[in-house]
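To keep things clear, I will list the structure first and then write my remarks on it.
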2 protein chains.
Amino acid sequence: MNKKRQLLIDTALTLFYAKGINHTGINEVLSVSGVAKNTLYNHFESKEALIIATLEQRHTLFIEWLTSKLEGADSDQQVITQLFTALAQWFTHCDPILGDFRGCFFINSSAEFSDQGGQISLFCKQHKQQCRDLIGQSLTNKDASLLDAICLMKEGAISTAYVSGDVTIAKKCITLLNITAKNIN
Amino acid sequence: MNKKRQLLIDTALTLFYAKGINHTGINEVLSVSGVAKNTLYNHFESKEALIIATLEQRHTLFIEWLTSKLEGADSDQQVITQLFTALAQWFTHCDPILGDFRGCFFINSSAEFSDQGGQISLFCKQHKQQCRDLIGQSLTNKDASLLDAICLMKEGAISTAYVSGDVTIAKKCITLLNITAKNIN
DNA sequence: AAAAAAAAGGACAGACTTGTCCTATTTAGA
DNA sequence: TCTAAATAGGACAAGTCTGTCCTTTTTTTT
């Protein structure tokens, strides 16, 4: 049965993202999901294995979300607009796919586990790289500078929205990046 | 004696920043500092009180560092150059004041404690606001847009340097922000 | 030098954590 | 229907954590 496995991943991801991984015990995942401890350890070798599975789940979800949001953009200006409009929706808790905004799950997880070079940090790094690649493919300007600017602003916006609580920042990025895009060559 | 109190804060800050707050127990702070548990709880009501004290310590240190790095800049272009050159030094572990780079202590702490509206999250938010104010005071262009761009890039650079391990990103910000600065009006 | 405050050094409680093991029950496949 | 796998439901071990309490020693102040 993969149903129990999936239920555990879904429950763990929700709790990990909402409360932080270290503040969520295995027992809480079990009581919320209604699954027995025996079953969890049949599917996952350890808590870390469950963490990795939640990272993979969130990664798949986020890439799907990002892909759909970038779809149909046929100019760099449109890529910028669509991307940061989508981020604004996420920040204001108006996105049904990504759920209640509590920052970036991967940035948060990297912060919780400062095991540099470890499995968790490595996964977060790869996630960011794939997001960058995806945005890069949507751009017609293949100069790396514009992509740099967009990704920097994206990371900055996520961090600012979460730490400073400024959810209006995503919209400002659109104006700023359009200035950059027009003058980068 | 404030010496013991300060020693506890220094030791805790070093460990908290290096390993994360949740992965650093009180007992480790005690054994590394050589202070007795009794003494710690005479100076601090709880672990959370010690955490707040380390945040205050780091805040003071960071503001001093930022102030010194922005000193003498008499153009916006120079503010940008000096700020991101300083960040580059920090990222490459070449800064003796801020110590080994492990991301932003405040972003990390916010990620660890998703107690939105809680004491820790609030302090992190205020720290970011004060950094913004300090940079804003150094700028001659009092339009908020340039300040927005600089702060967004700064947050993005810190996050990218830590999660993606790209320490070259700070230098790229200088070029990008100079484009923004020239075309923002 | 005497009195008071601070710190050391442990022991310990209580709660929490992950992970193992056992038996009974339910579910799925042959 | 019969068999085998999966799950439930606990008990439990071994470790962690924060925080309290005690006595003894050191340091500071009067």
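All of these numbers come straight from a predicted model, not from anything done at the bench. By convention in this document, chain letters (A, B, ...) are assigned in the order of the sequence lines, proteins followed by strands, and residues within each chain are numbered from 1.
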Original post:
Below 4.0 angstrom from OP1 or OP2 of C:dA7, is there any side-chain N or O of B:His43?
Top reply: yes

Original post:
Is the distance from OP1 or OP2 of C:dA8 to the nearest side-chain N or O of B:Thr39 less than 4.0 Å?
Top reply: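 Yes.
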
Original post:
B:Lys128: what forms a salt bridge (Lys or Arg N to Asp or Glu O under 4.0 Å) with it, not counting sequence neighbours?
Top reply: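 Counting only residues at least two positions away or on another chain, B:Lys128 forms a salt bridge (Lys or Arg N to Asp or Glu O under 4.0 Å) with B:Glu155.
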
Subject >> Qualifying residues under salt bridge (Lys or Arg N to Asp or Glu O under 4.0 Å), relative to B:Lys19, sequence neighbours excluded >> reply: B:Glu28

**OP:** Please collect all ring pair (Phe, Tyr, Trp, His ring centres under 6.0 Å) contacts where either partner lies in residues 114-144 of chain B, sequence neighbours excluded, each pair once.
**Re:**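 Ring pair (Phe, Tyr, Trp, His ring centres under 6.0 Å) check on residues 114-144 of chain B returns B:His59-B:Phe123, B:His59-B:His127, B:Phe62-B:His127, B:Phe106-B:His127.
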
**OP:** Would you mind listing every ring pair (Phe, Tyr, Trp, His ring centres under 6.0 Å) that reaches into residues 152-174 of chain A, with sequence neighbours excluded?
**Re:**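 Listed by first then second residue: nothing to list.
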
Subject >> For A:Phe84, all residues meeting ring-ring contact (aromatic ring centres under 6.0 Å, His included), sequence neighbours excluded >> reply: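 None.
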
Original post:
Of all residues at least two apart in sequence or in a different chain, which pass the ring-ring contact (aromatic ring centres under 6.0 Å, His included) check with B:Phe113?
Top reply: A:His23

Grab the N/O contacts between the protein and nucleotides 17-21 of chain D below 3.5 Å, and write none if there aren't any.
| unit_1 | atom_1 | unit_2 | atom_2 | d |
| --- | --- | --- | --- | --- |
| D:dT18 | OP1 | B:Ile26 | N | 3.3 |
| D:dT18 | OP1 | B:Lys47 | NZ | 2.9 |
| D:dT18 | OP2 | B:Ile26 | N | 2.6 |
| D:dG19 | OP2 | B:Tyr41 | OH | 3.0 |
| D:dG19 | OP2 | B:Lys47 | N | 2.7 |
| D:dG19 | N7 | B:Lys37 | NZ | 3.2 |
| D:dG19 | O6 | B:Lys37 | NZ | 2.7 |

Grab the [atom1]-[atom2] distance between [X] and [N] for me, whole Å please.
{"X": "A:Leu50", "N": "C:dT17", "atom1": "CG", "atom2": "P", "answer": "15 Å"}
{"X": "A:Lys3", "N": "D:dT7", "atom1": "NZ", "atom2": "P", "answer": "12 Å"}
{"X": "B:Leu7", "N": "C:dA6", "atom1": "CG", "atom2": "C1'", "answer": "15 Å"}
{"X": "A:Leu8", "N": "C:dG19", "atom1": "CG", "atom2": "P", "answer": "14 Å"}
{"X": "B:Asn2", "N": "D:dT27", "atom1": "CG", "atom2": "P", "answer": "18 Å"}
{"X": "A:Arg5", "N": "D:dA6", "atom1": "CZ", "atom2": "C1'", "answer": "15 Å"}

**OP:** Tell me what A:Asn42 touches on the nucleic acid: a base, only sugar-phosphate, or nothing, going by heavy atoms under 4.0 Å.
**Re:**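 A:Asn42: base contact, heavy atoms under 4.0 Å.
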
**OP:** Determine to 10° how strongly the helix from C:dA1-D:dT30 to C:dA30-D:dT1 is bent, judged from the axes of its five-pair ends.
**Re:** 30°

**OP:** Would you mind checking if A:Asp76 and A:Lys142 are paired as a salt bridge, meaning a charged N to carboxylate O distance below 4.0 Å?
**Re:**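 No salt bridge links A:Lys142 with A:Asp76.
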
Could you pull out every donor-acceptor pair under 3.5 Å between side chains of residues 163-176 of chain B and any protein atom, sequence neighbours left out?
| unit_1 | atom_1 | unit_2 | atom_2 | d |
| --- | --- | --- | --- | --- |
| B:Asp166 | OD1 | B:Thr168 | N | 3.0 |
| B:Asp166 | OD1 | B:Thr168 | OG1 | 2.6 |

Original post:
Donor-acceptor pair, B:Tyr17 side chain versus B:Phe101 backbone, under 3.5 Å?
Top reply: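 No, B:Tyr17 side chain to B:Phe101 backbone: no donor-acceptor pair under 3.5 Å.
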
